[in-house]
Amino acid sequence: MENYEYDFGMIGLGVMGRNLLLNMADHGFKAIGFDMDASKGALLESSATPGTIVKGVSTLKDMIEGLKKPRKLMMLVPAGKPVDDVIGELVPLLEKGDTIIDGGNSHYTDTLRRLDYLKNSGLHFMGCGISGGEHGARNGPSIMPGGDPEAYALVEPVLVAVSAKVKGSPCVAHMGKKAAGHYVKMVHNGIEYAIMQLISEVYELLHNGLGLDNDELHKIFRNWNEGELQSFLIEITRDIFLQKDELSSNRLVDMILDKAGAKGTGKWTSQDAMDLGMPIGVIDTAVSLRSLSAYKEERTQAAALYKSAPHPDIEIPSEVFIQQLSDALYFATIVSYAQGLALLHKASLELQMEIPMTEVVRIWRGGCIIRSFLLETFYQAYTANPGLQNLLLNPEIAQLLQKKAQHMRAVIMHATLRGYPVAGLMSALSYFDAYRTERLPTNLIQAQRDCFGAHTYQRTDRPGTFHTEWQTE
Ligand code: 6PG
């Protein structure tokens, strides 16, 4: 092995690990990667930019011995047991002051457990979210590291160098204490699920409701991506409509089976929000609808059973409906971010993570899957009030939502009258309507609970807890 002292080590040379390491090397860091599969080390070296220093090895020991001390290394291996296995192998090889970063999508409670396990080892351990897919890893992802600030200071120069940049500012920042990095990434993915669900509903209404073909869809998404809806997800959707299928004469999107996969981060977001008592209905709906999509055979039976459902055509001028859809998507996208960010705010307090909300929205402006024009507006909102409990309470956001609300209602009316499923859009509107209602009908629920179970209630006119012997038959 060449006699270099490598600046940074990567464990796991799948496409993400390889690309991130190549990105580091392009920024002048001497990079070394380990993978048991020697062909991956060879691929790493052959993909390096000429003149950069990149080494692939197939034993962990070789990598550890090649690293400059204190050592800085990241693992990008599948979440769960593989992460524990790697930690188990690393501990005897490392020394006090070395830093291990878990850059995968680990569940934050696993990160808390690992922090506890390593607390007397003298090693630093950081849970770090990385978003942007393989392209982001190579050219600049959004990076969400959490945990020990001392460890962050050690790795900050590398992370800053490789991250995406927006207006010259790097899309990386310390996300807070303990497992904050993985918590922030989990919520990022929850929002990602929600926006993808909303886009799919709008696609259905354009495609089947208005009968538009893929070229027309491409044009609409191209226009949207040049306006207030500009975002990474709209941009890739625009291009997806043009992709030709290599196995048929159709567009690829039309040949893909309508069963959505999921690796779990969206579900974790919903589960944790439930535990914290935080309503994030659009995200919950997105998770549920991916589950529902898996029941293809049952859906096929139900489709035959209910085929006399309402007429599918939406008979209003298409330019009018397209504008309504654009506004509805904008409205519901804001609500999705608002729900995710409200969860983050609450979780930060409950789990003492001290998550800097302004920094979260700042680093989501570039590199990550949910980057969008809207994040600039959210950044202004959190800069004005870093303790903002919910984006919907910001006056500028309120104005944006008010402007779009009527079109949101129109879309839901047209869609539901004709039997198109728009659960994500409906959930966003219902949340908005409930959140802005000073007196909800929840008084009746309290009366019922007290009536059948003596669960007590509070009154509007005096403090205290009350119970009534209700007069029922
Ligand atoms: C990202 C993505 C990334 C991954 C998702 C996919 O931010 O780069 O979120 O982490 O593509 O985990 O998740 P599902 O397979 O659950 O859709």
Side-chain angles (χ1 to χ4, degrees), residues 12 14-20 23 74-80 82-83 101-108 110-111 127-146 159 162-164 166 171-173 175 179-200 231-237 240 256-273 280 282-294 333 336-337 340-341 343-344 360-361 363-372 375 424:
V15 64
M16 289 293 289
R18 181 176 73 244
N19 279 357
L20 204 56
N23 183 351
M74 177 182 284
M75 59 174 111
L76 270 170
V77 298
V83 176
I101 304 173
D102 172 11
N105 277 336
S106 291
H107 195 290
Y108 83 93
D110 282 337
T111 304
C128 177
I130 301 179
S131 178
E134 51 188 274
H135 188 262
R138 186 69 184 86
N139 301 299
S142 176
I143 310 178
M144 298 153 243
L159 300 184
V162 298
S163 69
V166 171
C171 293
V172 57
M175 293 284 95
H182 278 145
Y183 203 97
V184 171
K185 179 62 182 10
M186 177 184 81
V187 173
H188 166 284
N189 282 25
I191 298 171
E192 173 184 306
Y193 273 53
I195 298 173
M196 289 167 78
Q197 173 63 28
L198 297 169
I199 294 175
S200 76
S231 69
F232 172 73
L233 286 168
I234 295 285
E235 181 188 320
I236 61 164
T237 310
I240 283 169
I256 294 178
L257 188 66
D258 55 337
K259 282 184 181 179
K263 291 195 207 70
T265 45
K267 178 182 78 177
W268 299 344
T269 312
S270 287
Q271 287 172 326
D272 218 64
I280 56 160
V282 190
I283 297 172
D284 298 340
T285 303
V287 174
S288 294
L289 265 288
R290 284 201 195 186
S291 302
L292 194 146
S293 77
T333 300
S336 306
Y337 282 108
L341 290 164
L343 169 62
L344 217 43
V360 172
V361 288
I363 69 163
W364 283 355
R365 292 179 308 170
C368 67
I369 304 296
I370 62 167
R371 63 185 186 258
S372 70
L375 275 158

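When a ligand or atom number is given, it counts from 1 through the structure's own listing order.
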Identity and distance of the protein heavy atom lying nearest [atom]:
atom                    : answer
atom 7 (O) of ligand 1  : S131 OG, 2.5 Å
atom 3 (C) of ligand 1  : K185 NZ, 3.9 Å
atom 15 (O) of ligand 1 : K263 NZ, 3.0 Å
atom 8 (O) of ligand 1  : G132 N, 3.0 Å
atom 16 (O) of ligand 1 : Y193 OH, 2.4 Å

Checklist entry - Between the side chain of S293 and the main-chain N/O of A260, is any donor-acceptor distance below 3.5 Å? => result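 Yes; judged by distance alone, with no hydrogens or angles, the pair exists.
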Checklist entry - Stepwise, does the side chain to side chain contact (heavy atoms under 4.5 Å, CB included) test hold for K185 with Y108? => result CA-CA 9 Å; K185 179 62 182 10; Y108 83 93; over 6 Å; no
Item to check | side chain to side chain contact (heavy atoms under 4.5 Å, CB included) between T285 and S288, intermediate numbers included | outcome: CA-CA 5 Å; T285 303; S288 294; 5.6 Å; no
Next on the checklist: Regarding S270 and D284, do their side chains bring together a donor and an acceptor under 3.5 Å, going by distance alone?
Outcome noted: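 Short answer, yes.
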Checklist entry - Does one side chain, of Y337 or S372, offer a donor that lies under 3.5 Å from an acceptor on the other? => result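 S372 and Y337 do have a side-chain donor-acceptor pair below 3.5 Å.
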Ligand-side contact atoms (ligand 1) for residue partner [X], heavy atom cut-off under 4.0 Å:
X    : value
I369 : 1 (C), 2 (C), 7 (O), 8 (O)
N189 : 5 (C), 7 (O), 9 (O), 10 (O), 12 (O)
A262 : 16 (O)
G133 : 8 (O)
N105 : 10 (O), 12 (O)

Checklist entry - Heavy-atom distance from atom 10 (O) of ligand 1 to the protein below 4.0 Å? => result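 Yes, at least one protein heavy atom sits under 4.0 Å from atom 10 (O) of ligand 1.
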Checklist entry - Hey, looking at atom 2 (C) of ligand 1, which of H135, E134, E192, M144 has the closest heavy atom? => result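 Among H135, E134, E192, M144, the closest heavy atom to atom 2 (C) of ligand 1 comes from E192.
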Item to check | Nearest option to atom 17 (O) of ligand 1, as decided by whichever heavy atom of M186, R290, H188, M196 sits closest | outcome: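 The residue whose heavy atom sits nearest atom 17 (O) of ligand 1 is R290.
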Next on the checklist: Rounded at 0.5 Å granularity, tell me how far CG in L159 sits from CE in M74.
Outcome noted: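 The CG atom of L159 sits 6.0 Å away from the CE atom of M74.
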Item to check | CA sep, side-chain torsions, deciding dist, call: T269, L343, side chain to side chain contact (heavy atoms under 4.5 Å, CB included) | outcome: CA-CA 9 Å; T269 312; L343 169 62; 3.6 Å; yes
